[in-house]
Amino acid sequence: MTDFAALESRFGAGNYAPLPVTIVRGAGVYVWDEAGRRYIDMMGAYSAASFGHCHPRLVNALTEQAQRLDTISRAYFSDRLGPFLAKACALTGMDAALPMNSGAEAVETALKAARKWAYKVKGVPTDRAGIIAAEGNFHGRTISIIGFSSQTQYRDGFGPFPPGFTCVPFGDASALAAAITPDTAAFLVEPIQGEGGINVPPPGYLAEVARICKANNVLLLCDEIQSGLGRTGRLLACQHEGVTPDGLMLGKALGGGMLPVSLFLARREVMQVFTPGDHGSTFGGNPIASAVGLAALDTLIDERLIERAATVGAHLLNRLSAIKNPIIREVRGRGLFAGVELHRSMASAGTVISRLLQAGVLTKDTHRNTIRFAPPLIIDESQVDWAVDRLTEVLNEIAASTVQT
């Protein structure tokens, strides 16, 4: 164990179990450890590093703004926040945006907005507004959010949880329709579940969900913190089915890998329930975050990274699907958002990830014994091929050793 790893292990809280590598430098789709060994990053920091590591345009936006003006209170206007919000709204088709920092904060903002909308606009009796979520979700780690998580570990030891949330099976629109009551304020859903295992719903699911919500005067809130901003080959994953939600959460890639930046965006009718003092964030929308967020959106469009994700993502999924190995149970995904589920009886995703690390590929497992592939959107097909070849070799080695034993 290196001195850096030892210090982190000694003084850290222990809420993470890092792989045995210390990353000290990054550029594009590659990172280097302290010994100078290079790795290809096929994880992309859960979509936070969608532009690659240390993208020059984003580094410049950060450093130039940091030298000009850092953080001021939202008690004042800045010359950076307005243009950032305007760009985000123009791209997504939303009417207004509320800046926060982490993705979980954006989700919490959406939940507050939905509840207040239910009371002020829909007419739900006080303290009876309900919010429906999908089983297998991952929307963050705050107390309220883990309260409707399907993962036992995320909930264990952290109750009691705030009431007002129910869950229905992901991908089952009829289950949503059956769960809606006159007091239902919103349905919160990831168009593609990331941490849940790169779960892609059946075709037409999201469009039917949108129809059901509209028919019942229920808000549709789409969490695109991982799946948005080009990750799936469209600006937003919900656009694959022509869906425009009532509320939208963005984060991770919005900070360009530089710092945490998130937004809750919504229709005017939803956002206007907030009045001064209802909600806020000391750092949300600060000048540096706004400058980086705007640069990230501009870079996404100017460098045609959405189109690149569609093309290279199709290549990634084709290559993964073409691997002939009995360990693989299923390949799922869209764009540069892919998951390889393994037969648990044959190999654990954790074992494969450790072997991939030794082979020079960084990735991470999700639930359902699935390996996540969500590299920076700047990756090219030859780099994809190299990483998939390493995966193929590792799986073949494991399969061969299983047969021998």
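Along the sequence shown, residues are numbered consecutively beginning with 1.
- Note on D389 versus R319: salt bridge recorded, some NZ/NE/NH1/NH2 to OD/OE distance being below 4.0 Å.
- Taking 4.5 Å as the limit, every side-chain heavy atom of T363 sits out of range of all side-chain heavy atoms of L391.
- Checking side-chain atoms of N286 against main-chain N and O of T71 turns up no donor-acceptor pair under 3.5 Å.
- Between R355 and E393 there is no salt bridge, since no side-chain nitrogen of the basic residue lies less than 4.0 Å from a carboxylate oxygen of the acidic one.
- A donor-acceptor pair under 3.5 Å is formed between the side chain of E241 and the backbone N or O of A207.
- Under the 3.5 Å distance criterion, the side-chain polar atoms of D156 are left unmatched by any main-chain donor or acceptor of T152.
- Residues I301 and L91 have side chains in contact (heavy-atom distance under 4.5 Å, counting atoms from C-beta outward).
- Shown here for E135 and Q193, the closest heavy-atom pair between the two residues is O-NE2, 2.9 Å.
- Between the side chains of S227 and E190, no donor N or O sits under 3.5 Å from an acceptor N or O.
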Determine whether Y154 and H367 satisfy the following criterion, ring pair (Phe, Tyr, Trp, His ring centres under 6.0 Å), listing intermediate values before the conclusion.
CA-CA 12 Å; Y154 295 167; H367 296 290; 5.7 Å; yes

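- Residue G103 comes nearest to S262 through the heavy atom pair N-CB, 4.2 Å, listed as atom of the first residue, atom of the second, then distance.
- D70 contributes no side-chain N or O that, together with a main-chain N or O of A66, makes up a donor-acceptor pair within less than 3.5 Å.
- The backbone N or O of I398 sits less than 3.5 Å from a side-chain atom of S401, completing a donor-acceptor pair.
- Annotation: the span from L219 atom CG to R267 atom CZ amounts to 6.5 Å, rounded to 0.5 Å.
- Atoms CZ and CD1, from F161 and I145 in turn, are 12.0 Å apart once rounded to the nearest 0.5 Å.
- Side-chain N or O atoms of Y119 include one that pairs as donor or acceptor with a backbone N or O of R128 at under 3.5 Å.
- Within the model, atoms CG of L254 and CG of N101 stand 11.0 Å from one another, a figure rounded to the nearest 0.5 Å.
- Between atom CZ of residue F264 and atom CG of residue D223 there is a gap of 11.5 Å, rounded to the nearest 0.5 Å.
- In this structure, P99 and S281 approach most closely via the heavy-atom pair O-CB, 4.5 Å.
- A donor-acceptor pair under 3.5 Å is absent between the side-chain atoms of Y39 and the main chain of D33, judged by distance alone.
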Go through D380 and V312 one step at a time and tell me if the side-chain contact (heavy atoms from CB on, under 4.5 Å) criterion holds.
CA-CA 6 Å; D380 63 34; V312 181; 5.7 Å; no

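- Residues D41 and V29 form no side-chain contact, since every pair of their non-hydrogen atoms from C-beta on lies 4.5 Å or further apart.
- Across R231, Q226, E224, a single residue satisfies side-chain hydrogen bond (donor to acceptor under 3.5 Å, both in side chains) together with S47, and that is R231.
- Here the closest non-hydrogen pair linking E195 and T366 is O-CB, 3.4 Å.
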Give the intermediate values and the outcome of side-chain contact (heavy atoms from CB on, under 4.5 Å) for residues F337 and R372.
CA-CA 8 Å; F337 201 32; R372 174 201 309 262; 4.2 Å; yes

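- Contact check for H55 versus E303: side-chain heavy atoms found under the 4.5 Å cut-off.
- Side-chain contact check for R74 versus L81: some heavy-atom pair is nearer than 4.5 Å.
- If you take CG on D365 and CG on L342, they are separated by 9.5 Å, rounding to the nearest 0.5 Å.
- The shortest side-chain heavy-atom distance between I379 and R308 does not fall under the 4.5 Å cut-off.
- Separation of atoms CG (L69) and OG (S290) is listed at 10.0 Å; rounding is to 0.5 Å.
- Residues D246 and V218 share a closest heavy-atom pair of OD2-O, 3.9 Å.
- Checked by atom type, the side-chain pair T181/D183 shows no donor-acceptor distance below 3.5 Å.
- Checking each of E330, K364, R332 against T370 for a side-chain hydrogen bond (donor to acceptor under 3.5 Å, both in side chains) leaves exactly one that passes, namely R332.
- Among all heavy-atom pairs drawn from L206 and C238, the shortest one is CD2-CB, 3.3 Å.
- When only modelled atom types and interatomic distance are considered, T232 and H240 share a side-chain donor-acceptor pair under 3.5 Å.
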In sequence, state the C-alpha distance, the side-chain angles, and the governing distance for F84 and L297, and then conclude on side-chain contact (heavy atoms from CB on, under 4.5 Å).
CA-CA 9 Å; F84 171 43; L297 294 176; 4.0 Å; yes

Between R368 and N199, is the side-chain contact (heavy atoms from CB on, under 4.5 Å) condition met? List the steps.
CA-CA 10 Å; R368 294 178 60 178; N199 300 324; 2.5 Å; yes

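- Open room surrounds CZ on R10; 12 or fewer heavy atoms of other groups in view lie less than 6.0 Å from it.
- Here the side chain of K122 pairs a donor or acceptor atom with the backbone of T184 at under 3.5 angstrom.
- The closest side-chain heavy-atom distance from L220 to V189 is below 4.5 Å.
- When only modelled atom types and interatomic distance are considered, R329 and N369 share no side-chain donor-acceptor pair under 3.5 Å.
- For F283, the CZ atom is loosely surrounded, since the number of other residues' heavy atoms within 6.0 Å does not exceed 12.
- You'll find the side chain of N325 reaches within 4.5 Å of the side chain of N396, heavy atoms only.
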